[in-house]
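A short worksheet on the structure shown next.
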2 protein chains.
Amino acid sequence: MKSTSDPARRIKLGDIAQRLGISTAAVSMALRGGSGVSQATKQRVEAVAQELGYVYDRGAARLRTGQSNTVGVVIGTLSNSFFGELVCGVDEIIGEARKISFLLNTREDAERQKELLVRMREQSVDGLILCPAPGTRSDLLETMHDWGIPVIQMLRSVSDTKGDFVSADYQTGIETLCAHLIRLGHKRIAFLGGNLDHSATRQRIKGFKAALDRAQLPSDLIVKTASDSSGGRDGAAKLLSSENPPTAIACFNDRVALGAMAAVRAAGLVPGRDIAVTGFDNINAGAEAYPALTTVETHARDIGREAGRLLLRRIEGPTMSNERIIVPTRLIIRESCGATLASRDIEGTGET
Amino acid sequence: MKSTSDPARRIKLGDIAQRLGISTAAVSMALRGGSGVSQATKQRVEAVAQELGYVYDRGAARLRTGQSNTVGVVIGTLSNSFFGELVCGVDEIIGEARKISFLLNTREDAERQKELLVRMREQSVDGLILCPAPGTRSDLLETMHDWGIPVIQMLRSVSDTKGDFVSADYQTGIETLCAHLIRLGHKRIAFLGGNLDHSATRQRIKGFKAALDRAQLPSDLIVKTASDSSGGRDGAAKLLSSENPPTAIACFNDRVALGAMAAVRAAGLVPGRDIAVTGFDNINAGAEAYPALTTVETHARDIGREAGRLLLRRIEGPTMSNERIIVPTRLIIRESCGATLASRDIEGTGET
DNA sequence: TTGACAACATTAATCGTTTAAGTTAATTCA
DNA sequence: TGAATTAACTTAAACGATTAATGTTGTCAA
């Protein structure tokens, strides 16, 4: 219609005010708060705003009010669809609150993370949801507090006690999983993956050891590899070629497990029959794998949502006491652990 | 050290200026441009900025300059790791340019997309990378032009000729793939997935038809389902139970293919032996699947990078003529198409 | 008639940065 | 030498919104 019409100067409050012969203050009140102006004026203002094609300048407003209505979401990777789900959950809640989110990728590098945080500060974000990169200094929370930026730690925490935190119950999750493997008769269980040192890794290993120790089984078969499929392949290959290979491999996450299953195949064995392989997170690809992956559901999207909600609460009430939200996990028994194959009479599609 | 020390007032240029007995203008020049102040002053300014803990207020700067140093990345989902890779690629380039990106999720809803775009405008982003939701009005590009926001269309385009565009060569990709299936002896090939109507779907279907028509095979076996694994399951189940089922299923993307393979299994058949199943995109999970998925590599990360670079160029040169970058695809033959199995077991299909 | 009290609007300062235009004083050049 | 140039700063006006403080009506009770 009017493709290249005007010189496209940005319409501002003043333009509306001028048109109506009132002050910009009145216009501002009419468009925002509501109180302070008559209904009649409010309507006239809205009409003219519409007509002129007014666009709110959040930047200008934020300069005055200090509220940017943006938040930062800082994570280490997006290649894993688990994090995709997580981010979706965060975004859902943040979006409902009419805020928008910066997505920042640390690539699991603490140095890079530091830079990104500085940029977030320059942007005056209202708050941050952070999945701290390994090697994050433990005084990060104090620093952020000094900066006046609320932070929610997600999945990983820098301190065991301080700060807001939302995560899955990694330890119980893997304990339950290992208990299941033990119940199936496995006596030699390995843990595979988790080469990055952060709380979520430590929690999983802790759960692993606890379960095995309780059953008086050796809990020292831990192979640290990259937490992706290539890590799974390499690590499983190494385990299989060792002199006393495990009969079950509990993997750090589903991606590792899928890689491990591929390595098992490559060695001429069948996962779920010759050797049990389990994952963690319950990404889609696990349900579709063959054999379908036994894993632990961590409700990624819910965790993201909880983190989003907690951040909003924290932004509202900076003095509110800390919250640590641990979302329960759920064991999902499918085929890769050998459970259903072992008891072949039962036709199992998983989802216990 | 000084955890809860000061009232945490934000240090501004004026504070540095005062401390040094110079004007804020000089400080600004010292910290930004460089020219206009002596080296000596510059160094003194930098030292004091450091000492006082000065933080650049990008918001304030942007109000003055109009440059926000932010871009918006608008996509429909993050559950598919293909998009995760894409976003990583974009972020890489955008980050190098010292900009940061808002990540917005349309959930493939054009209405929602409209809202999100308004928010981007309110934030005065420097530019947008957009993967248009189905149903996006074709005058979107004009609107964005009127708004003065450069847009790069990614993967899908609203117009066949207008605007900047970066995508994979979907049509050739699927043509090559189908040609391969035909060479393997398949005479009845179905297309599965792609229920959303956008250019990327149309391109794929076009390639599918072209390849089959050329071989004088029926090209009407198209089942539109959700482009995720559940769509793959449902669609494949339907195909298998039809009276004259296909011998090969070319899926819209890898997620659909993984779902389809699961359905094939559930029907008591073996994918890659009894029926060929192929994907598209080459996500990680495909390589780890069993049988490993034959697919078409679309170089998600590269596409993201190209889109990022193009946007930067466009922001620099608003009058530069349009670019349409089509990144070539590559057929990746694994096992799910039956190629390797067929040549191993059967002599009937002859060559290769 | 006066005063009190709402209700509605306005004035003017402010957020922190940039930048065009102006001021010095030192340096260069013919 | 004196005019012209330049380097190094300063001044002051933006950018577009918000909001405390203030002003102007109009209504109603006493």
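Quantities reported herein were computed from a predicted structural model and do not represent experimental measurements. Lettering of chains follows the sequences in order, A, B, ..., and the numbering in each one begins at 1.
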| said: How many whole angstroms separate atom CZ of B:R9 from atom C1' of C:dT14? | reply: 14 Å
| task | List the steps, then state whether side chain to side chain donor-acceptor pair (under 3.5 Å) holds for A:Q113 with A:T136. | result | CA-CA 8 Å; A:Q113 175 176 279; A:T136 300; 2.9 Å; yes
Run the side-chain donor-acceptor check on residues 151-160 of chain B: report pairs under 3.5 Å with partners two or more places apart or on a different chain.
| residue | atom | partner | partner atom | Å |
| --- | --- | --- | --- | --- |
| B:Q153 | OE1 | B:V158 | N | 2.6 |
| B:Q153 | NE2 | B:K162 | O | 3.3 |
| B:Q153 | NE2 | B:D164 | O | 3.4 |
| B:R156 | NE | B:H198 | NE2 | 3.4 |
| B:R156 | NH1 | B:E108 | OE1 | 2.9 |
| B:R156 | NH1 | B:P132 | O | 3.0 |
| B:R156 | NH2 | B:E108 | OE2 | 2.9 |
| B:S157 | OG | B:S159 | O | 3.2 |
| B:S159 | OG | B:T161 | N | 3.1 |
| B:S159 | OG | B:K162 | N | 2.8 |

| request: State whether the side chain of A:R62 and the backbone N or O of A:T65 hold a donor-acceptor pair below 3.5 Å, judged by distance alone. | output: no
| task | Compare side-chain N and O positions of A:S38 against OP1 and OP2 of C:dA9 and report whether any pair is under 4.0 Å apart. | result | yes
| Rounded interatomic separation in angstrom, taking CG from B:D57 and P from C:dT17 | 6 Å
| request: Quickly work out the B:L31 CG to C:dT17 P distance and round it to whole Å. | output: 9 Å
| message | Students often get this wrong, so: under 4.0 angstrom with heavy atoms, is B:V27 touching a base, only sugar-phosphate, or nothing? | response | nothing
| note | Whole-Å distance, A:R44 CZ to C:dC8 P, equals 13 Å
| task | Pick base, sugar-phosphate or nothing for B:T65, based on heavy-atom distances below 4.0 Å to the nucleic acid. | result | sugar-phosphate
| request: Could you tell me the separation between the CZ atom of B:R10 and the C1' atom of C:dT17, rounded to a whole number of Å? | output: 11 Å
| message | Please enumerate all residues that pass side chain to side chain donor-acceptor pair (under 3.5 Å) together with A:Q67, with sequence neighbours excluded. | response | none
| Salt-bridged, B:R107 to B:D109, with N to O below 4.0 Å? | no
| query | Tell me: CD1 of A:I16 to P of C:dT10, nearest whole Å? | reply | 14 Å
| task | Determine the contact category for A:G66: base if any of its heavy atoms lies under 4.0 Å from a base atom, sugar-phosphate if only primed atoms, P, OP1 or OP2 are that close, otherwise nothing. | result | nothing
| Closest-nucleotide ordering on DNA chain C, the 5'-leading residue of A:G36 and A:L63 | A:G36
| message | Tell me the interatomic distance from A:R121, atom CZ, to C:dG16, atom P, rounded to whole angstroms. | response | 13 Å
| Residue mapping more 5' on DNA chain D - nearest nucleotide basis, B:S23 or B:A60 | B:S23
| query | NZ of B:K114: more than 12 outside heavy atoms within 6.0 angstrom? | reply | no
| query | On DNA chain D, which is the earliest and which the latest nucleotide, 5' to 3', with an atom closer than 4.0 Å to a heavy atom of chain B? | reply | D:dA8 to D:dG16
| request: Name the nucleic acid region contacted by A:R32, choosing base, sugar-phosphate or nothing; use a 4.0 angstrom heavy-atom cut-off, strictly under. | output: sugar-phosphate
| query | If only atom types and distance count, is the side chain of B:R314 paired as donor or acceptor with the main-chain N or O of B:M320 below 3.5 Å? | reply | yes
| message | Considering every strand and a 4.0 Å limit on heavy-atom distances, what is the contact class for B:A61: base, sugar-phosphate, or nothing? | response | sugar-phosphate
| field | Whether A:S68 side chain and A:S124 backbone form a donor-acceptor pair below 3.5 Å | value | yes
| Which residue lies toward the 5' end of DNA chain D, B:V37 or A:I11, if each is placed at its nearest nucleotide? | B:V37
| note | Side-chain contact check for A:M29: nearest option of C:dG16, C:dT17, C:dT10 is C:dT10
| Integer-rounded Å distance: C:dG16 P and B:Q18 CD | 14 Å
